Amino acid sequence: MSIRTSALWSWGLSATLALLLGSCGVESLDGAERPGGDGEVTQTSQELAWDPYADAVASGTTGTVLNASAALGAPDGQAATLLSLLNTALVLDLGAGEEGTGDLRVYYQGLSLALVAQVDFLRANGTLIGSSPVHLVELGVGTHVAVATYPGSEPYRYVRLRGALLALYLVDAVETSIRPFCGDGVLGGVEVCDDGNQLSGDGCSSVCQVEPGYTCAGQPSVCTDIDECALGTDTCAPGEVCVNTPGGFECEEPVCEPPRIVCGEVCVDPRTDNNNCGACGNVCGEGNACAAGVCVGSGNLQFTATWSRDGDADIAVRTPTGKVIYYLNIGPNAGTDFGRLDVDSRGRGPENIFWATGRTPPSGTYDVCLLTQFFFPGPSPAAPLGYAIKVRRPGQPDVDFTGTFTARSFEEDCAPGLASYVGSITYP
């Protein structure tokens, strides 16, 4: 389809006429492109890339249309004549790859009476998409424009013009337009997304809105499922397992896997559950907490050690006043600043040093050590010993010291630089 300039469009219609046309759904040619300074018609980049005018008369055009080919191309003053008798119809082909998706402009001449014509919009296979009336107003000499509103949401290739009975009018040209539509992969109008199809359930709905549980970006839109479980935005009840699904999530009953166990109808961790510490029904009393399946003392300050293989490790804590609490100085007394070693464990722990609720630990820096002399084989690069020491202070985040020993460590002191040293904290 060649692009014809519209130099013959009428530029002289008055402002009063333009107002009248707007109220009737008819446009004058004052809105068309005006000639440039060199006498040529200025064309937009869209027009240079895409021809909006019909380029062929299609089958279905009746014999009561005279000079039908004059309606092709841009308006040029030459027009097809429609004698609206019986089933008169003019069918025009916009061309493959140049389909329209927006409203249609009809350039017409020669009316002695106002009339309402009909425009049918057809797919490339010739089937009907929808129809729209077009109001042709008596305007006198010249070429005038009326607009037929496109009612569809997919491209149309053919337009079929039909007129009122016993009327005569001249069609100079038709001009289609591009309107964003859902499913073309291009964002436009009220579209929030457009993934190139009109299917729901893939993140971008059939009306190009983002579906719940997805985010969409780009053109064509790429939609990504939101993982509510990973983000923690799910609404599963405590104890339920969140399972992410496309566009949402499901809450499932948990599978109680080791080391968790079922006590009654509840899945619990016997390593840390104060009501089922080490076994169902073993309750840690007031002033105690469950650590590694053992009820240990807790209070204003607590140090709890575990290790990775069987043996006899010993936790040691040096207070801000220089007193060392370990298996040879368990307290609680003035020699331990009233801290206490209450669990001296073999196996894999725990060992626990704490200040009870009624005791106030000294303020300052506490050094933490782990003695590892009683392991067979001893810690070495070939047989490393992993450890974890948790420090709890009321109202503050827990502090965790973790690491690996590859050599035996034993001192009757605890301070930075010693082989048994693992870290320091401040209290309060």
Side-chain angles (χ1 to χ4, degrees), residues 1 4 21 24-27 50-76 78-111 113-139 143-184 189 198 207:
M1 180 184 351
R4 302 185 186 178
L21 297 180
C24 296
V26 180
E27 297 180 3
W50 175 78
D51 182 357
Y53 303 105
D55 65 352
V57 177
S59 61
T61 299
T62 61
T64 50
V65 177
L66 307 179
N67 196 23
S69 61
L72 305 180
D76 57 4
Q78 305 299 313
T81 302
L82 275 73
L83 302 172
S84 294
L85 301 172
L86 299 177
N87 295 318
T88 296
L90 171 61
V91 185
L92 299 175
D93 183 2
L94 298 171
E98 296 177 331
E99 292 85 351
T101 59
D103 297 341
L104 185 77
R105 295 172 122 195
V106 178
Y107 295 81
Y108 68 95
Q109 306 170 1
L111 281 184
L113 294 172
L115 61 87
V116 178
Q118 189 82 9
V119 176
D120 299 328
F121 297 90
L122 310 177
R123 298 181 180 87
N125 63 7
T127 59
L128 178 67
I129 299 173
S131 302
S132 177
V134 58
H135 298 268
L136 309 182
V137 180
E138 177 191 358
L139 295 172
T143 300
H144 312 290
V145 185
V147 177
T149 302
Y150 178 50
S153 60
E154 60 181 294
Y156 60 89
R157 176 168 173 178
Y158 301 97
V159 291
R160 179 169 58 209
L161 285 81
R162 296 180 285 127
L165 187 63
L166 301 178
L168 181 148
Y169 63 100
L170 309 179
V171 177
D172 191 337
V174 294
E175 180 183 10
T176 188
S177 61
I178 291 295
R179 180 179 70 198
F181 68 93
C182 183
D184 65 353
Q198 292 182 322
V207 292

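Values below: every heavy atom of this structure, side chains too, minus hydrogens, waters and symmetry copies. Computed from a predicted structure; not experimentally measured.
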Open item on the list: Let me confirm one number: the CG-CD distance from Leu72 to Gln78, rounded to the nearest 0.5 Å.
Closed with: 12.0 Å

- [ ] Might you point out which heavy atoms bring Val116 and Pro133 nearest each other, and give the distance in Å?
- [x] CG1-CB, 3.9 Å

Open item on the list: Measuring only between side-chain heavy atoms, which start at C-beta, is Phe121 closer than 4.5 Å to Val159?
Closed with: yes

Open item on the list: Tell me whether Asp172 contacts the main-chain N or O of Asp76 through its side chain, where contact means a donor paired with an acceptor under 3.5 Å.
Closed with: yes

Open item on the list: For a quick check under 3.5 Å, do Tyr156 and Thr176 share a side-chain donor-acceptor pair by atom type?
Closed with: yes

- [ ] Check side chain to side chain donor-acceptor pair (under 3.5 Å) between Thr127 and all other residues, then give those that pass, not counting sequence neighbours.
- [x] Arg123, Asn125

TODO: Please answer whether the main-chain N or O of Val119 pairs with a side-chain N or O of Ser132 as donor and acceptor at a distance below 3.5 Å.
DONE: no

TODO: Taking side chain to side chain donor-acceptor pair (under 3.5 Å) as the test, write out the residues that go with Thr149, two or more places apart.
DONE: none

Open item on the list: Within this structure, what is the CZ-CG distance for the pair Arg162 and Leu90, rounded to the nearest 0.5 Å?
Closed with: 12.0 Å

Open item on the list: Taking the side chain as everything from C-beta on, heavy atoms only, tell me whether Arg105 gets closer than 4.5 Å to Pro52.
Closed with: no

Open item on the list: With heavy-atom distances below 4.5 Å as the criterion, would you say the side chains of Asp55 and Leu94 are in contact?
Closed with: no

Open item on the list: Applying side chain to side chain contact (heavy atoms under 4.5 Å, CB included) to Val137 and His144, what does each step give before you reach the verdict?
Closed with: CA-CA 9 Å; Val137 180; His144 312 290; over 6 Å; no

TODO: Give the minimum heavy-atom separation between Leu82 and Leu161, together with the two atoms involved.
DONE: CD2-O, 4.0 Å

- [ ] Check the pair Leu92, Tyr158 against side chain to side chain contact (heavy atoms under 4.5 Å, CB included), reporting the backbone distance first and the verdict last.
- [x] CA-CA 6 Å; Leu92 299 175; Tyr158 301 97; over 6 Å; no

- [ ] Might you point out which heavy atoms bring Val134 and Val106 nearest each other, and give the distance in Å?
- [x] CG2-CG2, 4.4 Å

Task: Sub-4.5 Å side-chain heavy-atom contact between Thr81 and Asn67 - done: no

Open item on the list: Could you report the tightest heavy-atom contact between Ala173 and Pro75, atom names first, then the distance?
Closed with: CB-N, 3.6 Å

Open item on the list: Could you check whether any side-chain N or O of Ser177 sits under 3.5 Å from a backbone N or O of Asp103, counting only pairs where one atom can act as donor and the other as acceptor?
Closed with: yes

Task: Main-chain N/O of Gly97 paired with Glu99 side-chain donor or acceptor, under 3.5 Å - done: yes

- [ ] Ignoring hydrogens and angles, tell me if any N or O in the side chain of Thr61 forms a donor-acceptor pair with the backbone of Val91 under 3.5 Å.
- [x] yes

Open item on the list: Using 0.5 Å steps for rounding, measure from the OH atom of Tyr150 to the OG1 atom of Thr101.
Closed with: 8.0 Å

Open item on the list: For Ala70 versus Ala80, what's the shortest heavy-atom pair and its separation?
Closed with: CB-N, 3.7 Å

Task: Distance (rounded to the nearest 0.5 Å) between Leu136 CG and Gln109 CD - done: 12.0 Å

Open item on the list: With a 3.5 Å distance limit and no angle check, can you tell me whether Glu175 reaches the backbone of Ala74 through a side-chain donor-acceptor pair?
Closed with: no

- [ ] Kindly indicate whether the side chain of Arg157, heavy atoms from C-beta on, has any atom under 4.5 Å from the side chain of Leu122.
- [x] no

TODO: State, to 0.1 Å, how close Ser131 and Gln118 come at their nearest heavy-atom pair, and which atoms those are.
DONE: CB-NE2, 3.2 Å

